[in-house]
Amino acid sequence: MTPDGWTEDDGALTRQFTFQDFSEAWGFMTRVAMLAETADHHPEWSNVYNRVDIRLTTHDAGGLTDKDTALATAINGLM
Ligand SMILES: C[C@H](O)[C@H](O)[C@H]1CNC2=NC(N)=NC(=O)C2=N1
């Protein structure tokens with residue numbers, strides 16, 4: 001099942017997050033980075049000022065796995 005707010009698209013989960021400013025976006029990215037390191041599962045992402053675009057896919061498997069769903073759910077838990 002696709003976690004709230006995420007879109008399943010071409011073997012990946014994507015979601016865009018928008019914050020008040022860069023500082024809030026960067027703080028969020030820092031927290032996501034710590035989740036990613038703990039899970040040894042890392043996002044494809046980009047940041048423009050207050051916006052963070054995240055794409056989750058499992059490169060080793062060539063598509064979507066439970067690791068992506070788990071990380072998306074954990075990221076939702078930061079909000
Ligand atoms: C060696 C290392 O565990 C692997 O390369 C991990 C690291 N993080 C990863 N992250 C993601 N998103 N997909 C992977 O396949 C992946 N593989």
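For clarity, every value in this text was computed on a predicted model and none was experimentally measured. Order of appearance sets the numbers: ligands from 1, and atoms from 1 within every ligand. Every heavy atom of this structure was used, including side-chain atoms; hydrogens, water molecules and symmetry mates were not.
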Asks: In the single-linkage hydrophobic clustering (I, L, V, M, F, W, Y; side-chain heavy atoms under 4.5 Å), do Met29 and Phe22 co-cluster?
Replies: yes

Asks: Looking only at the side chains, is there a donor atom on one of Asp9 and Thr14 sitting less than 3.5 Å from an acceptor on the other?
Replies: no

Asks: Could you tell me whether Arg51 and Asp53 have a side-chain N and a carboxylate O separated by less than 4.0 Å?
Replies: yes

Asks: Flag the pair Arg15 / Asn76 as yes when at least one side-chain heavy-atom distance between them is below 4.5 Å, and no otherwise.
Replies: yes

Asks: Looking only at non-hydrogen atoms, find the nearest pair between Met1 and Thr69 and report the distance.
Replies: O-CG2, 3.7 Å

Asks: Less than 4.5 Å apart, side chain to side chain, heavy atoms only: is that true for Ile54 and Ile75?
Replies: yes

Asks: Tell me the residues surrounding ligand 1, counting only those with a heavy atom closer than 4.0 angstrom, sorted by chain and number.
Replies: Asp40, His41, His42, Thr57, Thr58, His59, Asp60

